[in-house]
Structure formats: C-alpha cells, structure tokens
Asker: 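My questions will all concern the structure given below.
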Amino acid sequence: MSHRKECSSMRLRLLVVWLLLASASPGQTVHAIADIFKPLASPALAVRDLSYLVFAICGAIFVIVAGLLTYALFRFRRRASDGNSEPPQVYGSNQIEIAWTVIPILIVFVLTMTTARVIVALQDKSQPANALQVTVIGHQWWWEIRYPGLNIVTANELHVPVSQPGRERLAFLTLESADVAHSFWVPQLAGKTDVIPNRANHMWLDPRETGIYLGNCAEYCGTQHANMLIRVVADSAEDFDKWIAQQQKPATSDQSSAQSRAAFLGMACVNCHTVRGTSAHGTFGPDLTHLMSRRTLASGMIPNTFGTVFAWVGHPQAIKPGNLMPDMQLNDKELGQVAAYLSTLR
Ligand code: CUA
C-alpha cells in the first residue's frame, strides 16, 4: 500500500472511532465522575463527613483570625491626633499565651482522633460471610480484575452487587500491581488506595445505588496514566448473578465463527491474551473471553463495538500511543477476521 493510501485508510479508521464515540448511546445510569460531594457508598460517606468537620473547624479558625486581624487593623490604625510618639508597648500575658497554646492543641487533638477513628473503621471493617472477594491488578495502563472464588477474569469494568438496607453486600478488593505504582480511585465510592508492586493493599465498597461509577488511576504511572480509567458497575442482586453465570461460561464455540476463530488462534494475539475454552492462554494483556460484554475498550477510552475493535486491533498505537499492545501489521483480510472473531466474544 502506498504511503498516501495507508494514511487515508488510517484516517478513515480514526473517523470511525470518533463517530462511534460521538454516538455512544447511554445505557445504565452513569454517575458523574469525581463528584466527591455525592458519595454513594459507606467509605466515601465517611470521608465526606470527616472532610466537612475538618472544613468547618478550619473555616471557623479562619473567620476568627481574619476577623480579629481586620478589627485590629481598623481599630488601632494610626490617627492624625497620635503625633509622633510610639504607642504603648505591651509585653507578656500568661493567660493569653496559655489560651493560644492550649486551644490549638485541643483542636489538633480532635482532628487527629476523628481522622484516626474513620481510618480505623474503614481499614478494620470485618468481612461478612457473603462478602465478594475481588483482586484488582494495575497494569500500564489498564486494570485486570479477578474474582478468585468464581473463576472469572475480566478487565477495566468491576462488577459488584448493589448494597441496600437489609441486603447489604460488601465487595472487598485486594489491590496489586504488575509493574509500577498506580492508585485506585472511584470518588463516589471510596478514597484513593495506592496500588503498589510486591504489596497487597485492601479496600472495600458497598455502592448503595445501581449504575456505573466512573473512576481513574490517581497516581502518575506513565504516558497513558490519564487513560487508565475504571468503571464500577453496581448491579442488582439478580443482574449480578446473571453476570456471574455469563462470565463463567467459556468463550462461544459457535460453528459460524469457526473460520475467524481459527485465523485468530493462528496469530500472535494468543501469546498475550486468554480466550477461555480455546488454545489462547496469554496473560500479559486483558482476558478476552467475554470481551464484548464490556462497555469500553482501551481501559475506558473508547466505546466497545465492532468498529472500534477493528480500529483498535488495526492501530492500537494511533488510539492510545505508548500502550503495550503492538501494531500487528495485519493485512485487511486478517484484521477483518480478528475483529469478526472478537466481536463474537459476548
Ligand atoms: Cu496507573 Cu496512573
């Protein structure tokens, strides 16, 4: 293919991506990103309430100090009748000095103790018998999500059951990193928790409303840090059970996709990706067994459709420069086969 032709075909593919992005249809309720003032889970509520207390105390200190300062500036300013003599110089007052030492110590004590109480309550949360266990592994630049007890592996979209009064369901996350330091942050659900190599950190969530909660990596981890997005999908109990049953199935072995499947399995894709139920066992990239059940591609960057899968496999570096999926240099026929097979993985 000539250089010009190649450029125009790439431009066409990018256009497809942008069109799909623009027309992405709204599905479930998407809760606004970074809205820390609308917490919808216990850890985020605790953090918000503590923030309000700290803000109220610090705000009161500011108003008192700034008020006294303003009063003194006007009340004791130099007047024409003052002449050139120095004003009276006043030194030392045990009462005042004790007051302005003891009061701040008490304030710091209150702030320390209330903060410690929230931290301990969040960290030492006991796990109920029906708690969901999830391991989330940060990668440059996507999230691997494993449900150890359920034999499910997925990516970038963490499904948990909604937790409602009388039917509380807690999800306990074990956070690990495959490479560098990341940070897991879904503002409406909980505070940030660092994701550090060779260490397991823990946190828990109990979303109180169904819907999609947006979050992102909150620790600079390389060039695509800003595109390391996460979605927490809080399902109703019934939807969550359905999701589990669907995810536990091996990939479809439908006869109609036999040809494209054989083409896919013959390519280098299988060295990095797993498709359960086939000979693809790679673990370096995201598990593709139920790829099309996810709403987005490239860790939340673009919607997940046949068109975007086609564009992504063709030119992953054009969409997410620096990401660890190489441009496989597939010809149009191969690309069509791979995209056709991947789009059957529901
Ligand atoms: Cu991962 Cu920033």
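Residues: numbered from 1 along the sequence shown. Both backbone and side-chain heavy atoms feed into the values below; hydrogens, waters and symmetry mates do not. In listed order, ligands and their atoms are each counted from 1.
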Asker: Do other residues, nucleotides or ligands put more than 12 heavy atoms under 6.0 Å from the CD atom of Glu86?
Answerer: no
Asker: How is the N/O/S atom of Glu219 that comes nearest to atom 2 (Cu) of ligand 1 named?
Answerer: O
Asker: Nearest to atom 2 (Cu) of ligand 1, which N, O or S atom of His225 do we find?
Answerer: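 Distance check against atom 2 (Cu) of ligand 1 picks out ND1 in His225.
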Asker: Got an N, O or S from Ser183 under 2.8 Å of atom 1 (Cu) of ligand 1?
Answerer: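 Checking Ser183: none of its N, O or S atoms is under 2.8 Å.
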Asker: Considering just N/O/S atoms, say which atom of His182 is closest to atom 1 (Cu) of ligand 1.
Answerer: ND1
Asker: Could you walk me through whether Asp287 and Thr289 pass side-chain hydrogen bond (donor to acceptor under 3.5 Å, both in side chains), step by step?
Answerer: CA-CA 6 Å; Asp287 186 298; Thr289 309; 2.6 Å; yes
Asker: Would you mind checking if Lys242 and Asp239 are paired as a salt bridge, meaning a charged N to carboxylate O distance below 4.0 Å?
Answerer: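 So Asp239 pairs with Lys242 through a salt bridge.
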Asker: Does a sphere of radius 6.0 Å around CD in Glu97 hold more than 12 heavy atoms from other residues, nucleotides or ligands, not counting ones at 6.0 Å or beyond?
Answerer: yes
